[in-house]
Amino acid sequence: MKVAIYGQYYQNSTEPIINDIFVFFNKNNVEMIIESHFLLMLNERKIVENKYKTFTSHTELDSSFDMLISIGGDGTILRAATLVRDSGIPILGINAGRLGFLATVQKENIAEFMQFVIDKKYSISKRALLSLTCFPANESIDEINFAMNEITVSRKDTTSMITIDTYLNDEFLNSYWADGLIISTPTGSTGYSLSCGGPILTPDVKSLVITPIAPHNLTARPLVVPDETEIRLKVSGREENYLVSLDSRVTSVKNESILTLKKTPFQINMVEIPEETFLKTLRSKLLWGQDKRN
Ligand SMILES: NC(=O)c1ccc[n+]([C@@H]2O[C@H](COP(=O)([O-])OP(=O)(O)OC[C@H]3O[C@@H](n4cnc5c(N)ncnc54)[C@H](O)[C@@H]3O)[C@@H](O)[C@H]2O)c1
Ligand SMILES: Nc1ncnc2c1ncn2[C@@H]1O[C@H](COP(=O)(O)OP(=O)(O)OP(=O)(O)O)[C@@H](O)[C@H]1O
């Protein structure tokens, strides 16, 4: 078995996690290829030896890898997705961060859960992604053009709201007057969209959610549409530019540009361990059932 190991940060809490993973994988003859910046961080702190092979970019991750293990929080998983791209390599998240909604393996259970990985006792949860075309073209979007959580347009350098003309499959939907608009995948429905009043979708639902951010049209509400819908946006406002984000990546786009959002032809494969299903994560991470009345 061959796995890629990726992390963004080093903290004191990293050492026991890395120890657990490395001891377990070495004992079970799993080949580990480590992202070069992460290995450098670990080498500097003398946590792992320098004997491991490394990778630096998505071009080196091919079908010979069985899995990518992401060590960190949800932000690290979103970055990991930009490494695997359309390769189909499944991602497993070990939560070294705070919430870890997508990073489902808790650091207390690493050896137990890695045994599931070796025994192939896991399922794959396919996550739909969104991509964006901008007219006129915008180079910084073209570089990594997909989002696993959401694509958001929002105001920039001003408190003044923006107007977002929105079309679904060429039919006019609405002109939102708001701080911004979120187009979320089912995966992203528990992220930013949820904070703005959007519904939670289970990961396998074939839909997108259009959620306005603080709309001044008080009747505007989150809307669920089929994920085959082509969504076109035209933003206008007092400033010359507005912000477009794809997950954690942000760029600036000129007013009146035409943005076209579509589901990507490929999906990201997330590893789902039997003990850590989406429904269990909902209960544990969103504290469902904590109300003492039931
Ligand atoms: N007000 C908000 O809730 C808000 C605002 C901006 C961005 N976000 C989310 O943060 C993501 C980017 O993450 P980051 O690490 O760069 O920013 P960050 O460091 O600000 O973290 C945002 C928080 O959102 C959580 N999160 C991210 N994706 C999630 C998901 N699919 N389900 C449940 N929780 C999720 C993370 O665990 C983290 O606690 C965005 O894609 C967006 O979904 C949320
Ligand atoms: N490899 C790591 N080792 C130790 N701590 C880490 C590691 N990666 C992330 N962290 C901790 O988790 C924090 C958040 O990480 P990350 O940006 O990946 O997630 P996030 O998007 O903020 O989501 P979450 O709320 O799930 O942590 C970091 O600031 C750091 O404190």
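We number each residue from 1, following the sequence as shown. What's counted below: heavy atoms across the whole structure, side chains too, no hydrogens, waters or symmetry copies. Ligands are counted one by one from 1 in listed order, and the atoms in each one are counted from 1 as well.
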Query raised in the report: Where the side chain of Asn28 meets the backbone of Val30, is there a donor-acceptor pair that is under 3.5 Å apart?
Result: no
Query raised in the report: Side chain of Asn43, backbone of Val48: donor and acceptor closer than 3.5 Å?
Result: yes
Report summary line: Quick note on ligand 2: atoms under 4.0 Å from a heavy atom of Gly100 include exactly 24 (P), 26 (O)
Requested in this report: Output yes when a side-chain donor or acceptor of Asn145 lies under 3.5 Å from a complementary backbone atom of Thr133, and no otherwise.
Outcome: no
Requested in this report: Considering only non-hydrogen protein atoms, determine which one is nearest to atom 11 (C) of ligand 2 and report residue, atom name and distance to 0.1 Å.
Outcome: Ala96 O, 3.4 Å
**Report entry** Working for side chain to side chain contact (heavy atoms under 4.5 Å, CB included), residues Val23 and Phe25
**Finding:** CA-CA 6 Å; Val23 166; Phe25 279 165; over 6 Å; no
Query - Neighbour count >12 (heavy atoms, 6.0 Å) for atom CD, Glu240 - result: no
Report task. Could you say whether the N/O atoms of Phe38 and ligand 2 ever approach to under 3.5 Å? Result -> no
Requested in this report: Check side-chain contact (heavy atoms from CB on, under 4.5 Å) between Asn26 and all other residues, then give those that pass, not counting sequence neighbours.
Outcome: Phe22, Met32, Tyr52
Query raised in the report: Is the backbone N or O of Asn95 less than 3.5 Å from a side-chain atom of Arg98, with the two atoms forming a donor-acceptor pair by type?
Result: no
Query raised in the report: Hey, which of Glu35, Glu31, Glu60 is the one that makes salt bridge (Lys or Arg N to Asp or Glu O under 4.0 Å) with Lys53?
Result: Glu31
Requested in this report: Check Ile213, Leu261, Leu243, Leu233 against Val153 for a side chain to side chain contact (heavy atoms under 4.5 Å, CB included) and give me the one that passes.
Outcome: Leu233
Query - Any N or O of Gln11 closer than 3.5 Å to N or O of ligand 2 - result: yes
**Report entry** Closest protein heavy atom (residue, atom, distance) for atom 22 (O) of ligand 2
**Finding:** Arg98 NH2, 2.2 Å
Report task. May I ask you to check whether Leu99 has an N/O atom sitting below 3.5 Å from an N/O atom of ligand 2? Result -> yes
Query raised in the report: If hydrogens are left out, which of Ser248, Gly75, Gly97 has an atom nearest to atom 12 (O) of ligand 2, that is, the closest non-hydrogen atom?
Result: Gly97
Query raised in the report: Would you say Thr76 and ligand 2 have an N/O pair spaced under 3.5 Å apart?
Result: yes
Query raised in the report: Do Thr185 side-chain atoms and Thr187 backbone N/O form a donor-acceptor pair below 3.5 Å?
Result: yes
**Report entry** Nearest-neighbour protein heavy atom for atom 4 (C) of ligand 2, which is reported as residue plus atom name and distance
**Finding:** Thr14 OG1, 2.9 Å
Query raised in the report: What protein heavy atom sits nearest atom 8 (N) of ligand 2, and how far away is it?
Result: Gly72 CA, 3.2 Å
Query raised in the report: Sequence neighbours excluded, which residues qualify as side-chain contact (heavy atoms from CB on, under 4.5 Å) partners of Asn29?
Result: none
Requested in this report: Please confirm whether Gly73 comes within less than 3.5 Å of ligand 2 when only nitrogen or oxygen atoms on both sides are compared.
Outcome: yes
Query raised in the report: Taking the hydrophobic residues Ile, Leu, Val, Met, Phe, Trp and Tyr, and joining any pair whose side-chain heavy atoms are under 4.5 Å apart, which ones share a cluster with Met270?
Result: Tyr6, Ile33, Phe55, Leu61, Phe65, Leu68, Ile77, Leu78, Leu83, Val84, Ile89, Ile91, Leu102, Leu129, Ile144, Phe146, Met148, Phe266, Ile268
Query raised in the report: Considering only protein heavy atoms, which is closest to atom 23 (O) of ligand 2, and at what distance to one decimal place?
Result: Asp74 N, 3.3 Å
Query - Contact residues of ligand 1, where a non-hydrogen atom lies under 4.0 Å away - result: Asp74, Gly75, Leu78, Arg98, Leu99, Phe101, Leu102, Asn149, Glu150, Thr187, Thr190, Gly191, Tyr192, Ser195, Asp247, Ser248
Query raised in the report: Nearest heavy-atom pair of Pro212 and Cys196: which atoms, and what distance?
Result: O-CB, 4.0 Å
Report summary line: re atom 2 (C) of ligand 2, the protein heavy-atom contact at minimum distance is Tyr9 O, 3.4 Å
Report summary line: For Ser13, the ligand 2 atoms with a heavy-atom partner under 4.0 Å come out as 4 (C), 5 (N)
